[in-house]
Every structure is written in structure tokens, then in C-alpha cells.
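Nothing here was measured: the structure is a model prediction, and the numbers come from that model.
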Amino acid sequence: MSTHEESTAALGRREIRLSRGDAELTLLPGAGGRIGSLRIAGTELLRQGAGYGSFPMAPWCGRTAQGRFLNGGVRHQLPLNSPPHAMHGPVHDAAWRTARADGASAVLVHDLAEPWPYPGRVTQVFELGEDALTLTLAVETTGDSFPAQAGWHPWFLRRTDGGAYGGGGPVELDFAPAWQEERGEDHIPTGRRTEPRPGPWDDCFGMPDGVDVTLTWPGRLELRVTSAAEWVVVYDEQKEAVCVEPQSGPPNGLNTAPRLVTPIDPLEVTTTWRWRALG
């Protein structure tokens with residue numbers, strides 16, 4: 001390995017720490033380009049450990065049924081990393097390059113390769129403010145057009161400990177979706193839309209005016225997740241954390257709601273997490 005290659009690899013492995021006001025963000029380029037930590041006034045909001053934090057999903061989100069999708073008349077088979085389906089896209093556990101990092105913002109880049117059958121690039125932009133974090137994901141092709149999705153999979157702690165907002169009761173979710181995707185026994189949406197039902201959830205919801213979900217740690221902190229994207233998956237079946245996942249299409253969307261990425265029309269999606277102290 002050349003000196004340049006060694007320095008590039010090291011840059012991809014190291015942690016990136018951003019801060020603004022009392023907000024601190026840790027990025028892990030070598031572990032799926034994920035957010036490893038988000039601390040507000042010393043209080044951690046994300047579940048810690050391998051596979052947690054908050055990771056990007058691209059060029060598909062959630063499950064792709066049996067790992068199969070069509071691009072025009074061409075059928076593709078993806079690896080079944082969550083049998084019998086392909087889960088979350090290949091970028092969430094891949095190494096990313098750091099294109100730029102300063103005190104309160106960063107840009108990470110990942111070049112798509114096998115097992116994804118088309119050349120392309122995924123770019124993440126992180127912008128940390130004193131009371132908000134804005135995340136942008138862009139998927140572009142460097143060859144032929146292909147269907148794609150993009151989104152985020154944050155693991156928000158059900159209970160926070162330590163710092164100014166630690167302790168107290170579990171997080172509460174508030175959102176008003178227009179519909180819930182009926183989930184089949186295989187966890188793939190059936191295509192039928194239903195009235196939203198009480199949790200617990202591992203379900204996709206439609207919000208045609210844009211994703212808008214509020215997480216409240218009572219008496220301590222409120223965090224509002226918004227996006228112009230019209231789909232959100234909510235997973236709250238785990239004891240330690242809840243997931244609120246804005247994404248550009250529903251699970252299995254490569255087959256049911258494909259968004260074509262072309263050389264002149266990349267896919268770009270943004271979410272903002274805004275917080276405020278309570279009490």
C-alpha cells in the first residue's frame with residue numbers, strides 16, 4: 001500500500017468529532033459512516049455499541065424482498081444479509097472516505113461497488129448547529145441509471161442517563177401519519193394501506209406532507225425529526241431504544257416505488273433533528 005493509500009485508509013478509520021454550543025457529534029467513517037454518538041449537554045441520545053448509533057441506508061432502505069429487484073428488464077439478485085431478504089443497503093457497514101471535516105460540519109463519501117450492480121457514489125453531509133443537526137444523503141450514478149432509495153436508521157435511547165438531561169421516564173413518540181403500510185408475515189408491505197394502529201411497531205407510515213415525529217423525554221428534552229421525505233419507519237420493539245427512520249420510499253421500494261437515479265438526476269434527501277430543553 002502506498003503512503004497516500006495508507007493515509008486515506010487511516011482517515012476513513014478515525015473518529016470525527018464535531019461540536020457546536022453544548023452539542024457534540026461523533027462520526028465513525030470506518031464503521032458504515034455512522035453517527036456513533038450525539039450528546040446534548042453531556043446527555044447521550046443514541047444507543048451505543050457496534051451496529052447502533054445512527055447509520056445511513058442506501059441505495060435501498062429496510063428490506064428488499066428476497067433480495068431481488070428489476071431495473072428495466074434486467075433482474076438483479078442481492079445478498080440475503082437478513083434471510084430471506086436483503087436489508088438496509090450495503091453502505092451501512094462499509095468504510096467511508098472523509099472528504100471534509102471542520103469544527104461543526106463534515107462530508108463523507110462512499111463509492112458503490114459489489115454487491116450493488118451499478119457504479120455510483122453516496123455522499124453524506126453533516127451540519128451541526130447549537131440546537132439542530134441537519135443530515136443530507138445523495139445517491140448518484142457514475143454509469144447507467146438505476147433505482148434507489150436513501151434514508152437513516154437512528155437508535156434513540158429509550159431512557160437517557162447522565163448529563164443535564166439524564167434520568168427519568170422513557171421516551172414518548174408523537175406523530176400523525178396519514179396511513180400505515182400493512183405488513184405481511186414476511187415483514188414486507190402487502191401494498192394495502194390501513195389506518196394507523198397503536199404500537200409496538202416495526203412498521204412503515206406515510207406522511208405525504210413530510211416526516212414530522214417528536215420524541216420527548218418527559219421533563220427533560222424534546223427532539224423533533226423532520227424531513228421532506230414522505231415515509232418513516234418506526235421500530236420500538238426493543239427494550240433499550242426506539243428507531244425513527246425517515247426514508248425516500250417504503251420497504252421493498254426498489255420494486256414497488258422505484259426512484260430512478262440518472263446521470264442528470266441524483267437522489268437527494270435531507271432530515272433535521274432539532275432539540276430543546278424542557279422544564
Side-chain angles (χ1 to χ4, degrees), residues 1-20 25-38 46 50-61 78-79 81 86-129 133-154 227-229 245-249 254 259-273:
M1 181 181 291
S2 68
T3 301
H4 173 73
E5 289 172 330
E6 289 174 352
S7 61
T8 300
L11 192 62
R13 286 192 299 269
R14 71 174 178 86
E15 292 184 355
I16 298 172
R17 297 184 183 275
L18 308 178
S19 64
R20 188 78 176 269
L25 187 73
T26 301
L27 308 179
L28 305 175
R34 74 185 60 227
I35 299 171
S37 172
L38 174 60
L46 297 174
Y52 295 109
S54 176
F55 57 79
M57 297 182 290
W60 73 89
C61 299
L78 301 167
N81 61 339
M87 191 82 152
H88 294 332
V91 304
H92 78 282
D93 58 1
W96 292 63
R97 301 193 313 277
T98 302
R100 175 176 60 80
D102 57 33
S105 65
V107 178
L108 303 183
V109 178
H110 176 76
D111 292 321
L112 292 171
E114 291 292 340
W116 185 249
Y118 296 95
R121 177 168 295 169
V122 185
T123 302
Q124 292 191 83
V125 180
F126 305 83
E127 298 173 288
L128 182 64
L133 171 64
T134 298
L135 309 172
T136 301
L137 263 174
V139 182
E140 59 185 314
T141 178
T142 55
D144 294 335
S145 301
F146 56 78
Q149 295 177 285
W152 297 268
H153 195 305
S227 175
E245 308 166 34
Q247 50 194 62
S248 64
L254 290 185
R259 160 59 159 88
L260 197 65
V261 172
T262 75
I264 61 171
D265 189 18
L267 167 61
E268 183 173 295
V269 61
T270 297
T271 184
T272 297
W273 305 352

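Ile16 is listed as a side-chain neighbour of Leu108, based on a closest heavy-atom distance under 4.5 Å. Within the 4.5 Å cutoff, side-chain heavy atoms of Pro154 are placed close to those of Glu245. Trp96 has its side chain within reach of Val122: a pair of non-hydrogen atoms, C-beta onward, lies under 4.5 Å apart. Residues Val269 and Ser227 have side chains in contact (heavy-atom distance under 4.5 Å, counting atoms from C-beta outward). Looking at heavy atoms from C-beta onward, Thr123 lies out of side-chain contact with Thr136 at the 4.5 angstrom threshold. Looking at heavy atoms from C-beta onward, Pro59 lies out of side-chain contact with Pro147 at the 4.5 angstrom threshold. Residues Trp152 and Ile35 have side chains not in contact (no heavy-atom distance under 4.5 Å, counting atoms from C-beta outward). Using a 4.5 Å heavy-atom cutoff, the side chains of Val261 and Tyr118 are not in contact.
Between His153 and His88, the distance from one ring center to the other falls under 6.0 angstrom.
One N or O on the side chain of Arg34 and one on the backbone of Gly51 form a donor-acceptor pair closer than 3.5 Å. Listed for the Gln149 side chain is a donor-acceptor partner under 3.5 Å among the backbone atoms of Gly249. A donor-acceptor pair under 3.5 Å is absent between the side-chain atoms of Gln124 and the main chain of Pro56, judged by distance alone.
Looking only at atom types and distance, the side chain of Ser105 has a donor-acceptor partner in the side chain of Arg100 under 3.5 Å away.
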Checklist entry - Does the side chain to side chain contact (heavy atoms under 4.5 Å, CB included) test come out yes or no for Leu135 and Trp273, once each step is laid out? => result CA-CA 8 Å; Leu135 309 172; Trp273 305 352; 3.8 Å; yes

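Note that CH2 of Trp60 and CZ of Phe146 are 11.5 Å apart. Values are rounded to the nearest 0.5 Å.
For Arg259, the salt bridge (Lys or Arg N to Asp or Glu O under 4.0 Å) criterion is met by Asp265, not counting sequence neighbours.
Taking the six-membered ring where tryptophan is involved, the planes of His92 and Phe55 are tilted, since the angle between them lies from 30° to 60°.
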